[in-house]
Amino acid sequence: MSTSTNADSDLDTYELITRNADEVVTDEEVRELADDPDGKRAYVGYEPSGVLHIGHLLTANKLIDLQNAGMEVVVLLADVHAYLNGKGSFEEIRETAEQMKAQFLAYGLDDDTTEFVYGSEYQLEEEYTLDLHTLELETSLNRAQRAMAELQGGETAKVSHVVYPLMQALDIEYLDLDLAVGGMDQRKVHMLAREELPTLDYDVRPALHTPIVADLTSGEGKMSSSTGVTISMEDSTEELEEKVNSAFCPPTRDPDGDLENPVLELFEYHVFPRFEEVVVERPEKYGGDLTYTAYDDLAADLESGELHPADAKGTLSSYLDELIAPGREKLRELRS
RNA sequence: CCGCCCUUAGCUCAGACUGGUAGAGCAGUCGACUGUAGAUCGACUUGCCCCCCGUUCAAAUCGGGGAGGGCGGACCA
């Protein structure tokens, strides 16, 4: 398998750190980081879940970029946050967190430069708690509400839901970070952190936000609900093929309306960052194999008609399968 | 604590006044058409009608109790 490390050598550190990011806050701060990335700490917080899905893997790709850039990575296994969100008992949450950790390592996070931290290791201590109460005092309910995660259907807003983002803000200080990473859905949390940490005399850290990939079947962007089909670590090769094949994929990078092309997005954010070379295997009657080393070339060919969506899909599912295979194997071990 | 309103398909909701074991839109599934998907046609599926007790030949519907959710309870009045 041709997972890349060397392919990134032609990118400079700043480009590597920021590639595929939707938003960098702020550019100057991140450039400063890029000047001397060694030993700098970046993090993503995840609510433990037993099986990783494509959304987790998108931020994981970014973490791998950051490791390749020389940074240290902290993965917060946010058990206390999960608890606040009603995800079960601490025991249950820990168990899924351990599975999550194993899958991240199988996926390709570097064992030596990745630190996995449980929230409960420090979030229940007195100092943290008092800081949290200070933040509660400083933050309007309205502000916290805007930063909190969207509620699931039928769920009622609880006090825990507004405490949640405040804790995320504090984590950035307590984990001693230099960079906060998250999907675009986390931007309000990070902005809140940037605004409020100084009131506790803590430093402001830059943030980097990855895109939210459009819903596979509809192509609808950002707001895509959790009802959609999602690719996960436990998908079999066949399920993966089926899901990718049923994905929305007009032969264009920019479909009408607010829609995105999810197949292209998956190539851009999941395949090309991790493979030096993408080979489209095609029967002779359709023109034979094609080889790409850059996403833009593939997208341009899809647009021009040189690459048919059906061939793009077949290729996509086989590369995704390769990415997922180690984690799938790991899950099987864990469950046996 | 008090008052009013809500709870029916995965979702948004009709149906309740005038009891007769449930409907629409969207979603979903399957075909047709496309070398993908979508769009478009064609077909199809979906229900502890929040729970318990009662009235009745018969309860989603009426009565009582309970649970969950929403809104309101200074002045203007």
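One atom, CG of A/Asn245, and another, C1' of B/rU34, lie 13 Å apart when rounded to the nearest Å. Here B/rU36 presents its C1' atom at 14 Å from CD of A/Glu241, a figure rounded to the nearest Å. Put simply, CG on A/Asp215 is 16 Å from P on B/rA37, counting in whole angstrom units. Rounded to an integer number of Å, the gap from CG of A/Leu259 to P of B/rG38 is 13 Å. A/Arg253 has its CZ atom 23 Å from the P atom of B/rG38, to the nearest Å. To the nearest angstrom, P of B/rU36 lies 9 Å from OH of A/Tyr286. Here B/rG38 presents its P atom at 12 Å from CG of A/Leu216, a figure rounded to the nearest Å. Spacing between atom CG of A/Leu264 and atom P of B/rG38 amounts to 17 Å, rounded to whole angstrom units.
B/rU46 and B/rA27 have their C1' atoms separated by 11 Å, given to the nearest Å. Comparing the P positions of B/rA14 and B/rA59 gives an interatomic distance of 25 Å, to the nearest angstrom. For B/rU12 and B/rC6, the C1' atoms lie 14 Å apart once the distance is rounded to whole Å. Comparing the P positions of B/rA77 and B/rG66 gives an interatomic distance of 37 Å, to the nearest angstrom. Spacing between B/rA32 and B/rC51 at atom P, rounded to whole Å, works out to 42 Å. Rounded to whole Å, the C1' atom of B/rU21 lies 24 Å from the corresponding atom of B/rG25. For the C1' atom pair drawn from B/rC5 and B/rA16, the interatomic distance equals 15 Å after rounding to whole Å. Distance check on atom P: B/rG31 versus B/rU36 gives 14 Å, rounded to whole Å.
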Open item on the list: Apply salt bridge (Lys or Arg N to Asp or Glu O under 4.0 Å) to residues A/Lys87 and A/Glu92 and explain how you reach the verdict.
Closed with: CA-CA 8 Å; A/Lys87 294 293 165 60; A/Glu92 293 163 340; over 6 Å; no
- [ ] Take A/Asp235 and A/Arg328, measure what salt bridge (Lys or Arg N to Asp or Glu O under 4.0 Å) needs, and give me the verdict at the end.
- [x] CA-CA 7 Å; A/Asp235 286 338; A/Arg328 179 168 54 210; over 6 Å; no
- [ ] Could you check A/Phe104 against A/Tyr46 for ring-ring contact (aromatic ring centres under 6.0 Å, His included), going step by step and ending with a plain yes or no?
- [x] CA-CA 11 Å; A/Phe104 272 128; A/Tyr46 300 97; 4.8 Å; yes
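Against RNA chain B, the stretch residues 304-314 of chain A makes heavy-atom approaches under 4.0 Å through A/His308, A/Pro309, A/Ala310, A/Asp311, A/Lys313.
Stems are defined here as 3 or more consecutive Watson-Crick or G-U wobble pairs with pairing distances under 3.5 Å; those involving RNA chain B are B:1-7 with B:67-73, B:10-13 with B:23-26, B:28-32 with B:40-44, B:50-54 with B:62-66.
Geometric assessment of A/Arg274 against the ring of A/Tyr319 yields a negative cation-pi assignment under the 6.0 Å and 45° thresholds.
Heavy atoms of A/Pro255 sit nowhere under 4.0 angstrom from any nucleic acid atom.
Under a 4.0 Å N-O distance rule, the pair A/Lys330/A/Glu333 qualifies as a salt bridge. A salt bridge does not link A/Glu29 with A/Lys40: every distance from a Lys NZ or Arg NE/NH1/NH2 to an Asp or Glu carboxylate oxygen is 4.0 Å or more. Ion pair A/Arg332/A/Glu329 flagged as a salt bridge, since at least one NZ, NE, NH1 or NH2 atom sits closer than 4.0 Å to an Asp/Glu carboxylate oxygen. Residues A/Glu268 and A/Arg253 are not paired through a salt bridge, judged by the lack of any N-O separation under 4.0 Å between the basic side chain and the carboxylate.
Of the candidate nucleotides B/rU36, B/rG70, B/rG38, B/rG70 has the atom nearest to the side chain of A/Thr156.
Aromatic ring pairs are classed by plane angle as parallel below 30°, tilted from 30° to 60° and perpendicular above 60°; the pair A/Phe267 and A/Phe272 is tilted.
A/Tyr43 and A/Tyr202 fall within a single hydrophobic cluster, where Ile, Leu, Val, Met, Phe, Trp and Tyr side chains are chained together by heavy-atom contacts under 4.5 Å.
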